[in-house]
Amino acid sequence: ALILSYSKGLVWNVACYLNSYFDLIHNILYPYDEWISVQYYNDIVFNSAGATGDEILRMKANGNVGIGTAVPLKHLTVSSNSDDSAVINLHRKDTTIGAGNELGKYQWLVDDPSVNTVAGMIKLDASDTFTGSQNTSTMTFQVGTSSGLSSKMKIYGSDGTVYIANMCGIGNASPAYKLSVSDNVNGYTAHFHNDGNNANRNGIIISAGADDASGTTYYLVGHDGDGG
């Protein structure tokens, strides 16, 4: 059923009811399920359970889309009023998933022909064959380079290992070492704790230098506060 109405402010409202029927005897429209409301000069709105139902989706005149919100501030805004947080699901529907199969990904695309179309990506791959109890995965973070996408970090669900391809800075935006930790606190910067109350819970291993132990190798170097 299609209903056209007019309201103040030169706004036309067009409502389309799905799965509705009209009682010809009593001249009554019975709307069922979802309905669509199009407001001329304004928004396109999807509601549920009739005209007084909850708003599901709104497409603003400026192109912003809101799911669960009538005021989307960005191109896509997802909001939830329930105890659960707002969630976007990526669902792979086939029932046979093996090691290395891609489960889903987010991509950042650009239209500039002088650069790669995909500028960045976060993807999730299966680490093994999925079963009822074995569903481990690997998350990969890729960024664009002059030669295409390059994997810079991976998180392995099987054991929690985190792989970082290049320099890693904690409190340091320009790390010069594989791991650089910087801070300005009253106390210590780092703490390594191997708990378990057992003599086999060891501390730190430092491996460096020539394999035959020749030459001079510095394993620990201490500097003053300005690094000198």
If only atom types and distance count, is the side chain of [X] paired as donor or acceptor with the main-chain N or O of [Y] below 3.5 Å?
X: N135; Y: F130; value: no
X: K178; Y: A165; value: yes
X: R58; Y: I44; value: no

Common cluster, [X]/[Y], ILVMFWY with side-chain heavy-atom separation under 4.5 Å:
X: Y177; Y: F192; result: no
X: I56; Y: L76; result: yes
X: M167; Y: M153; result: no
X: L90; Y: L124; result: yes
X: V162; Y: V143; result: no

Exceeds 12 heavy-atom contacts within 6.0 angstrom, atom CE of M59: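 Result for CE/M59: open.
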D212 atom CG, neighbour heavy-atom count above 12 within 6.0 Å: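 Result for CG/D212: enclosed.
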Derivation and outcome, side-chain hydrogen bond (donor to acceptor under 3.5 Å, both in side chains), residues T96 and D94: CA-CA 6 Å; T96 304; D94 57 307; over 6 Å; no
Could you give the distance from [atom1] ([X]) to [atom2] ([Y]), rounded to the nearest 0.5 Å?
X: E102; Y: T140; atom1: CD; atom2: OG1; answer: 9.5 Å
X: I67; Y: I88; atom1: CD1; atom2: CD1; answer: 7.0 Å
X: T129; Y: N101; atom1: OG1; atom2: CG; answer: 8.0 Å
X: M121; Y: Y106; atom1: CE; atom2: OH; answer: 13.5 Å

Could you verify whether a donor N or O on one side chain and an acceptor N or O on the other, from [X] and [Y], lie under 3.5 Å apart?
X: T136; Y: D128; result: yes
X: T69; Y: T77; result: no
X: D183; Y: T189; result: no
X: N166; Y: K152; result: yes

Candidate pair L103 and S137, rule side chain to side chain contact (heavy atoms under 4.5 Å, CB included), full reasoning: CA-CA 9 Å; L103 303 177; S137 58; 4.2 Å; yes
Of the non-hydrogen atoms in [X] and [Y], which two are nearest, and what is the gap between them?
X: A126; Y: G98; answer: CB-O, 3.4 Å
X: C168; Y: I164; answer: SG-CD1, 3.7 Å
X: D43; Y: A61; answer: OD1-N, 3.6 Å
X: S151; Y: Q142; answer: OG-NE2, 3.0 Å
X: N64; Y: P72; answer: ND2-O, 3.3 Å
X: V221; Y: Y218; answer: CG2-CB, 3.9 Å

Worked verdict on K123 versus D125 for side chain to side chain contact (heavy atoms under 4.5 Å, CB included): CA-CA 7 Å; K123 68 172 184 172; D125 298 317; 3.4 Å; yes
Taking distance alone, no hydrogens or angles, what donor-acceptor pairs closer than 3.5 Å link side-chain atoms of residues 196-207 to residues at least two apart or in another chain?
unit_1: N198; atom_1: OD1; unit_2: N200; atom_2: N; d: 3.0
unit_1: R201; atom_1: NE; unit_2: D195; atom_2: O; d: 3.3

Criterion side chain to side chain contact (heavy atoms under 4.5 Å, CB included) on L57 and V65, from CA distance to verdict: CA-CA 7 Å; L57 184 145; V65 176; 4.2 Å; yes
Worked verdict on I122 versus M139 for side chain to side chain contact (heavy atoms under 4.5 Å, CB included): CA-CA 7 Å; I122 300 175; M139 180 171 287; 4.1 Å; yes
side-chain hydrogen bond (donor to acceptor under 3.5 Å, both in side chains) between S127 and T138, worked out: CA-CA 6 Å; S127 300; T138 300; 2.9 Å; yes
Any F141 side-chain heavy atom under 4.5 Å of I155 side chain: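 Yes; the side chains approach each other to less than 4.5 Å.
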Side chain to side chain, N172 and S174, heavy atoms closer than 4.5 Å: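 Of all side-chain heavy-atom pairs linking S174 with N172, at least one is under 4.5 Å.
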